[in-house]
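What follows is a single structure, written as structure tokens, with notes after it.
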Amino acid sequence: MALTEKSDFIREIVTEDLAANKYQGRVHTRFPPEPNGYLHIGHAKSICLNHGIARDFKGKFNLRFDDTNPAKEEQEYVDSIIEDVKWLGGNFEDRLFYASDYFEKMYEHAVLLIKKGKAYVCDLNADEMRQTRGTLTESGKESPYRNRSAEENFDLFERMRKGEFPNGAKTLRAKINMASPNINLRDPVMYRIVHEDHHRQGNKWCVYPTYDWAHGIEDSLEMITHSICTLEFENHRPLYDWYLEELGVYHPKQIEFARLNLTYTVLSKRKLLKLVAEKHVSGWDDPRMPTIAGYRRRGYTSDSIINFCDTIGVAKRDSTIDVAQLEFSIREDLNKHARRTMAVLNPLKIVLTNYPDGQTEECEAVNNPEDETAGKRMIPFCKELFIDQDDFREVPPPKYFRLSPGTEVRLKYGYIIKCEKVVKDGDGKIIEVHCSYDPDTKSGMAGANRKVKSTIHWVSARHAGNVEVRLYDRLFVKENPDDAEEGKDFLSNLNPNSLQILKQCKVEPVLANAKAGERFQFERTGYFCVDSIESKEGAPVFNRIVTLRDAWAKIEQKH
RNA sequence: UGUCGUGUCGUCCAAUGGCAGGACAGCGCCCUUUGGAGGCGUUAAUCUAGGUUCGAAUCCUGGCACGACAGCCA
């Protein structure tokens, strides 16, 4: 029945339901974010799951804002969420909905439960309600207002809506069972009084439905077949079912799966909001943030994130994915699609002593060895060059293959050079390195076949552009950022070196004119993306998306 | 000491009573004008004690561990 081979326990349920003709052959899912923050990679998992199931089973997918709490929700979040869902391929067509558009219908349903004697207005305040709810092991006490007549409840509820009572003075509660072992069933609150403007409804309402009451109705009205949510709602499913059962309306099936956790990453809106509010990062779209906006700005492709979500699977057990898995996804994508370029991040000047002073020549370079159609380009070469400081060692450690006094390396696409002399200033600091070049060894020449131990990247000093490069590292130093010392929180595990700004990096001409959003591989270094906010015309700022795998770093680490 | 849920390589996911497999990570080798691309190989797991069965990761019983729940948040 499904269009793909992909399978998980939810797709199995959908397949079974289809076989049993449970929903007249329909499959209809939804992604129901609350607009109280930016979407993060965990939401991407949910979007890919819900949208993917609709796509694979030829069903429909809705985007619905669960905007039932005006105190926390904002239009800015609505806008960003719409953009992010679209970017991830979540195709909701014209089905963009808001729970707040259903408030009138929800109110009518509530009146119905009041008339059935299944809901009552309660005057207990929040404290009193907590005290009478009981504990995990003891049942609660019934509210003294539990047995008001239907007429009185109806009257009171209408007056709640009209605004006759202050915040918190009264609630509407479902009359279920104060002795239930499931605390969610101990007469849960359906409506609370909140005198606050709603981002879409303005001051039209001062009673707002709670999640449990609202969510099933939203799903039911939209004729959702499979209401997929995360594990923490498992204990709420009996309530979800109770409401829809009592209402006698169309009843979708709630299915729970384990939310995504990532190593070295926090994925709770509360914590992400804190990072933003306390300015530990530049904003929700800071390239170090695990938000969709952050990854996008960093340079992650939507394909890589979608692919990541496909590979991590869907199950019910709590799990933490190694962030290396995400990095693998973006490397895999960019390896196939990113143009190769040469950029020198920490420049060291090389002078080719036997190269003619005024001469310039061009070297032919391959744009992408993984993709012939990417073509070739010419890069300039002359007597003075820059190489990376990492590619020269005055005293080479064991197994070091690159440039050091007396050794040879190949300049990629250029000549083989030999280090002849190290030039230092008065303080003993190396200012430049003098080399000779072998004129018979340019790429493409017969003499170029000579083996040397290493090939390094370089940029012509005379033609180099100067750009800013931002090296990002993980935001937290601990695999589990919440693993903090006694009395401290996740902020104590922030990585002080998560952002390193390099000015005056030397790049080949094509990079100096790169446009916002363009992605490149800097050969032997990593993948980079032109920042869409910090870059200026002719002055690109490059974000490091991810490093290349680095075998040398491991060898070096062992010593 | 309640209810619900979950226990499989280091990590994540499969195996639906019949040879425990894949991906990432790790390790090793090969190749390389990216030490970083690519290729090959390899290490490594069924929480536990019983039971049912010719046969159990899978079914049953008990234990143990972990997670969620006592917001008028979602």
Side-chain angles (χ1 to χ4, degrees), chain A residues 7-9 12 32-34 36 66 68-69 71-72 122 124-126 129-131 133-140 167-173 180-186 188-194 207-208 210-212 214-215 229-238 256 258 260 263 269-270 311-329 331 335-336 340 342 365-366 368-370 399-402 409-414 416 443-444 448-449 451-457 479 521-526 547-556:
Chain A
S7 185
D8 52 64
F9 81 97
E12 278 173 27
E34 183 190 13
N36 67 344
D66 204 3
T68 58
N69 184 358
K72 293 186 172 176
C122 181
L124 257 28
N125 65 32
M129 207 177 287
R130 189 178 326 115
Q131 281 157 21
R133 188 160 20 234
T135 67
L136 295 174
T137 52
E138 302 163 64
S139 45
N167 287 354
K170 289 181 169 24
T171 57
L172 183 73
R173 292 226 259 168
S180 173
N182 181 343
I183 291 178
N184 297 122
L185 261 21
R186 319 239 262 230
V189 171
M190 296 165 62
Y191 278 91
R192 71 278 208 190
I193 298 171
V194 182
V207 288
Y208 288 92
T210 54
Y211 169 87
D212 288 308
H215 207 85
C229 61
T230 44
L231 247 30
E232 66 267 31
F233 295 107
E234 215 159 17
N235 295 342
H236 295 242
R237 179 158 25 95
E256 310 85 12
L260 172 67
T263 56
K269 281 196 197 168
R270 205 198 96 246
T311 61
I312 57 176
V314 179
K316 293 196 75 157
R317 76 180 82 141
D318 292 310
S319 61
T320 303
I321 309 284
D322 189 338
V323 74
Q325 186 97 34
L326 214 211
E327 294 174 348
F328 171 81
S329 283
R331 285 196 190 102
N335 176 44
K336 287 195 205 93
R340 314 285 123 125
M342 295 204 281
V366 174
N368 186 351
E370 304 288 315
K399 302 235 179 98
Y400 186 82
F401 297 161
R402 287 110 95 170
V409 295
R410 171 175 297 285
L411 297 175
K412 177 124 183 166
Y413 301 125
I416 293 174
S443 292
N449 290 331
K451 294 283 177 213
V452 285
K453 277 199 149 179
S454 178
T455 299
I456 64 174
H457 61 279
E479 196 170 298
Q521 183 192 107
F522 292 178
E523 297 232 24
R524 303 203 311 135
T525 303
T547 62
L548 256 19
R549 294 177 71 245
D550 186 352
W552 167 248
K554 277 174 197 160
I555 295 168
E556 203 178 25

Do A:W552 and the base of B:G36 stack face to face, with centres under 5.5 Å apart and an angle between planes under 30°?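 Stacking between A:W552 and B:G36: absent.
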Quick one: on RNA chain B, does A:S319 or A:E232 contact a more 5' nucleotide (nearest heavy atom)?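 Final value for this comparison: A:S319.
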RNA chain B: 5'-proximal contact among A:S454 and A:N235 (nearest heavy atom):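 Nearest-nucleotide comparison on RNA chain B picks A:S454.
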If the cut-off is 4.0 Å, is [X] near the phosphate of [N], judged by side-chain N/O to OP1 or OP2?
X      : N     : result
A:R186 : B:U3  : no
A:R270 : B:C73 : no
A:K554 : B:G26 : yes
A:S180 : B:U3  : no
A:N36  : B:C73 : no
A:R524 : B:G35 : yes

Defining pairs by Watson-Crick or G-U wobble geometry with both distances under 3.5 Å, how would you list the stems of RNA chain B with at least three pairs each?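 If one scans RNA chain B for consecutive Watson-Crick or G-U pairs, the stems found are B:2-7 with B:64-69, B:10-13 with B:21-24, B:26-30 with B:38-42, B:47-51 with B:59-63.
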For [X], report the nucleic acid contact type (base, sugar-phosphate, nothing); a contact means any heavy atom under 4.0 Å.
X      : answer
A:H236 : base
A:V194 : nothing
A:Y208 : nothing
A:T210 : sugar-phosphate
A:Y191 : nothing
A:L231 : nothing
A:T320 : sugar-phosphate
A:E523 : base
A:T68  : sugar-phosphate
A:R237 : nothing
A:F328 : sugar-phosphate
A:F522 : nothing
A:D66  : sugar-phosphate
A:L185 : nothing

Taking atom CG of A:N69 and atom OG1 of A:T210, what is their separation to the nearest 0.5 Å?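 A:N69 atom CG to A:T210 atom OG1 measures 10.5 Å (nearest 0.5 Å).
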Side chains of A:P188 and A:D212 in contact at under 4.5 Å (non-hydrogen atoms):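 No; the side chains remain at least 4.5 Å from each other.
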Can you find a pair of side-chain heavy atoms, one from A:T320 and one from A:E479, that are under 4.5 Å apart?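 Result no, sub-4.5 Å side-chain heavy-atom pair not found.
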Distance between the [atom1] atoms of [N] and [M], in whole angstroms?
N     : M     : atom1 : value
B:G62 : B:A44 : P     : 36 Å
B:G63 : B:C13 : C1'   : 28 Å
B:G36 : B:U43 : P     : 24 Å
B:U46 : B:C12 : P     : 16 Å
B:U11 : B:G26 : P     : 15 Å
B:A74 : B:C60 : C1'   : 39 Å
B:G17 : B:A56 : C1'   : 7 Å

What's the closest nucleotide to the side chain of [X] if the choices are [options]?
X      : options             : value
A:R340 : B:G2, B:U34, B:C73  : B:U34
A:R549 : B:A70, B:U6, B:G26  : B:G26
A:E34  : B:A74, B:A37, B:C13 : B:A74
A:R133 : B:C72, B:C24, B:A14 : B:C72
A:E370 : B:A70, B:U33, B:A37 : B:A37
A:T455 : B:G5, B:A14, B:G35  : B:G35
A:I555 : B:G35, B:U3, B:U33  : B:G35
A:K451 : B:C72, B:A37, B:U32 : B:U32
A:I183 : B:C69, B:U34, B:C72 : B:C69
A:T135 : B:A70, B:G5, B:C72  : B:A70

List the atom of [X], the atom of [Y], and the distance in Å for their closest heavy-atom pair.
X      : Y      : answer
A:V409 : A:V452 : C-CG2, 4.1 Å
A:E523 : A:Y413 : OE2-OH, 3.7 Å
A:R186 : A:R173 : O-NH1, 3.7 Å

Does A:K336 have any side chain to side chain donor-acceptor pair (under 3.5 Å) partners at least two apart in sequence or in another chain, and if so, which?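 A:K336: no side chain to side chain donor-acceptor pair (under 3.5 Å) contacts found.
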Note: A:E256-A:R237 ion pair, threshold 4.0 Å (strictly below):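 A:R237 and A:E256: salt-bridged.
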salt_bridge(A:E34, A:K269) N-O dist < 4.0 Å: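 No, no charged N to carboxylate O under 4.0 Å.
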Between atom [atom1] in [X] and atom [atom2] in [N], what is the gap in whole Å?
X      : N     : atom1 : atom2 : answer
A:I312 : B:C12 : CD1   : P     : 11 Å
A:D322 : B:A25 : CG    : P     : 8 Å
A:F9   : B:U6  : CZ    : C1'   : 11 Å
A:I321 : B:A23 : CD1   : P     : 16 Å
A:D318 : B:U6  : CG    : P     : 11 Å
A:Y211 : B:G71 : OH    : C1'   : 15 Å
A:L124 : B:G71 : CG    : C1'   : 15 Å
A:R192 : B:C72 : CZ    : P     : 9 Å

Confirm from the modelled atom types if A:R130 and B:G71 form a donor-acceptor pair under 3.5 Å, side chain to base only.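 Donor-acceptor pair under 3.5 Å: no.
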Once hydrogens and angles are ignored, does a donor-acceptor distance under 3.5 Å link the base of B:U34 to the side chain of A:Q521?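 Present.
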Determine if the base of B:G71 is syn or anti; take syn to mean the glycosidic torsion is within 90° of 0.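 Syn for B:G71; the angle stays within 90° of 0.
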For A:N167, is there any backbone N or O sitting under 3.5 Å from a side-chain donor or acceptor partner on A:R192?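 Looks like no, no N/O pair under 3.5 Å.
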